[in-house]
Student: 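Questions regarding the structure given below will be posed in turn.
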Amino acid sequence: MQLLDGLNPAQLEAVTTLAGPLLILAGPGSGKTRVITHRIAYLIQQEGVLPHRIMAVTFTNKAASEMRLRLERLVGPRSGDLTVGTFHATCARILRRDGHQIGLDPSFVIYDDDDQISLVKSVLKELELDEKRYPARPFLSAISSAKSELKGPVEYGEFTTSYWQEVASRVYRRYQEMLKTNRALDFDDLLMITVQLFKDCPDVLARYHDRYQHLLVDEFQDTNIAQYAIVKQLGARSRNVCVVGDPDQSIYSWRSADIRNILNFEEDYPDLKTVVLEQNYRSTTTILEAAQGVISPNVMRKEKKLWTQNGQGDPITLFEAYDEGEESKFVAREIERLVAREGFSLKEFAVMYRTNAQSRALEDAFLRYGLRYKLVGGTRFYERREVKDVIAFLRLIQNQGDGVSAARVVNVPTRGIGARTMAEIEKLARQRGVSLFRAMEIGVAEQPDGNATTTLAPRVRNAVAAFVEMVNQLVADKATLGILNLLDRLLEKTGYRAFLLDGTEEGQERWENVMELRTVARDYETLNPQSALDAFLEGMALMSDVDGLKDEEEGVTLITLHAAKGLEYPCVMIVGLEDGICPHSRSVDDPAALEEERRLFYVGITRAMKRLWLVYATRRTLYGNVNFNQPSRFFTDIPANLVDFRGTGAPPVGKPDALFSAFAAAPKRPEPQLGYSGSQRSGLLRFPSRGGGAGSGGSGGGSWPKSQPPVRPTPMSPRSGPVPLRPTPITLRTPPIPPRPSPMVPGSGMGDGPTPPPELREPVGDPSFKAGDRVYHPAFGNGVVVSSRMVRGDEEVTVAFDQRGVKKLALSFAPLQRQ
DNA sequence: CGAAAGGCTCTTTTT
DNA sequence: GAGCCTTTCG
């Protein structure tokens, strides 16, 4: 049978084992998607299972639509009856349909991260908690984790062990009440409330049992407790539960994904059958060996040996850049070169990084070099202000209970309803226990004399009345207009169009974004008008980063390592591979977190089919400061024979061997000392000849290897430990870039001629400079100190230079002299 | 009331 | 460097 042709034995078993619980442990590139789709097709064609009796859950909408596409090719139009979607989207659908059983309004809105923060903030205000002392974020994280573990406010409150948690439980309780008033659910509610619905209403669950005979869950290693509960509930009767995943690719524990779901799956299903897919069809042997080297130090894993029949392939390129600017430039030029000389196309490249902020430098370079790129995530389209404004209007029209949206748009564009007025209205809403919008209606209707509760001045009252009237008219319009007409009318009536089109270029751009939103809305125009707006808004809320990525579109993909999960590219460049970036600084002192960083790097490496570049910079501007980071500690785990090293040609003056000791002597890496040691981390390594060697980790004296033979691939000895990496100086055509003078850069210009040795000072507890001191700096000349403060053990001196303006200088670097 | 400017803090990853 | 908040001025 065609469906089974070309499957390897493990795949075959996974496709044809249909009854009972099945766990498929699928290594990267092992044909997982093929297995899932063929399994579904097999169920339909061979077993005669009706498509509408199969539910498949994916991690992103993009994965869902790709699965749909492939299934359509396999089984034809009947595939339209399958239920394929993310957990969140599937739950949203269930709740809209059956949530009324537990008192849910079917037109609930879905609150995203921003909305949640707004809501927490208003709770904090109401509880009179100072936002400085009690920032909103941590509360939201606590609430989110609690919900992911199916703990409501009550359960959460029972286990508080600190004062803060007690406060959090009060915030949580009130937050949940306000969601209800707003007729809103947040992301986590979609899951938690679904579990609750199934628990409270067995007849509802039974209906789903009647319908769904087969359940498939992809990326199971990244499910949380709530999601797992849903799987168990839905699969309780049929027990035909097939979960697919790879513990080595579990990278969402911070989002409460619980790796135990997959590691301990068999405890819940003793009759579980497990199939391991170990043959890799994606990558070269070189890439796979590097990946294996990176992942194997992890303790918390199930051993799995990937293998491939693919050839050795090209060596991995390891590139050291001077800074992020040069890093990006290297990436751009390298891509240009491969496209020109080796016949690759732009869409075959992906550049991956740990944090979204890193995309900026890349974008700059790509724009300069005229390379098309596709940016995933970052400032997402749906998070742009104008887009969110318009969506907030639509949400308010759909659901007047939505106070977050009401508050957002009540004065956009400005219509004379300021903070003072809103405080008044909020008070009223609280007193009466009604939504914000309802409170506005009440505030307008009631006379200030009589049994007055509000004291809205007549002018303000008119403004509020006009807003209320406008919204109510649009609500009435909704009944008769399609979504596009409604949108157009809204943009006119609210004055939003005129507000954006203020003649500036930025306004024009924002307007175009709104029009882009209109294009998206067009897809929903044909739906039944009752549910069209719901569906549209839901689609907006549950949109994921990668969903907008079009594979066939020309351009280099710029993407975070997280978002890259599940994707593959012929050429992958991973940038920013420095300690503190990848692994991220917030993970380095937590072994479990470090393992996850390792898995993340592993995910990145295994996205590559043919070519892989690993890039790091010796210095990087982060959050406005220059940082000096070590190359990523993960490099030590990549066998050196797989790697070609390239640097920027002639090394900068005094390039220390120590930079590479990171490769040779990983376990000896100096651990971060207790307390803050920002200055040590950042500076000393660069100046070993003067710094007395603190932290430079070895052979002082900055000698560059004179001539090393190029490192050629040699057969890898898998478990015998990595061979120390040696740098192979290769002269690039690129001339070394003179460092740009930057206020925080030491000496502000090693490279443009001899620089006076920076005086390294031990940071002290108190600022040594005070306002008014006259100082001299070799590059900036004379100046006067404006202020000085201690930042993480280092002194940050703000100096007004006579010639060069005001600069902030880190005293540990800056050769600042008192006059 | 509203816009603009200044100052503060924080800075991972996302359905 | 950005976003958020507060302050200030019109």
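In what follows, chains carry the letters A, B, and so on, assigned in the order in which the sequence lines appear, proteins first and then strands, with residues in each chain numbered from 1. From a predicted model like this one, the values you see are computed outputs, not experimental measurements.
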Student: Would you mind telling me which residue lines up with the more 5' stretch of DNA chain B, A:E596 or A:V460, judged by nearest nucleotide?
Tutor: A:V460
Student: How about A:F635 and A:Y616: are their ring centres within less than 6.0 Å of each other?
Tutor: yes
Student: Before we go on, tell me: are the rings of A:W254 and A:H562 under 6.0 Å apart, centre to centre?
Tutor: yes
Student: Quick check on B:dT12: is either OP1 or OP2 less than 4.0 Å from any side-chain nitrogen or oxygen of A:R586?
Tutor: yes
Student: Of the nucleotides C:dA2, C:dC5, B:dT13, which has the atom closest to the A:R360 side chain?
Tutor: C:dA2
Student: Taking only Lys NZ, Arg NE, NH1 and NH2, and the carboxylate oxygens of Asp or Glu, determine whether A:D112 and A:K388 approach each other closer than 4.0 Å.
Tutor: yes
Student: What nucleic acid atoms does A:K62 come within less than 4.0 Å of, heavy atoms only: base, sugar-phosphate, or nothing?
Tutor: nothing
Student: Among the candidates C:dC5, B:dC1, B:dT15, find the nucleotide nearest to the side-chain atoms of A:R420.
Tutor: B:dC1
Student: When we call it a touch if two heavy atoms are under 4.0 Å apart, what does A:D112 touch: a base, just sugar-phosphate, or nothing?
Tutor: nothing
Student: Would A:H584 count as stacked on B:dT12 if the rule is ring centres under 5.5 Å and plane angle under 30°?
Tutor: yes
Student: What nucleotide among B:dT12, B:dT14, B:dT15 has an atom nearest to a side-chain atom of A:T355?
Tutor: B:dT12
Student: Nearest of B:dT15, B:dT14, B:dA3 to any side-chain atom of A:T414?
Tutor: B:dA3
Student: Who passes side chain to side chain donor-acceptor pair (under 3.5 Å) against A:E595, sequence neighbours left out?
Tutor: none
Student: If a pair means Watson-Crick or G-U wobble with both distances below 3.5 Å, what does DNA chain B look like in dot-bracket form, with | marking bases paired to a different strand?
Tutor: ||||||||||.....
Student: Under 5.5 Å centre to centre and under 30° between planes: does that hold for A:W254 and the six-membered base ring of B:dT12?
Tutor: no
Student: I'd like to know if the side chain of A:K147 pairs up with that of A:Q176 as donor and acceptor (distance under 3.5 Å, no hydrogens or angles considered).
Tutor: yes
Student: Going by an N to O cut-off under 4.0 Å, is there a salt bridge joining A:R255 and A:D222?
Tutor: no
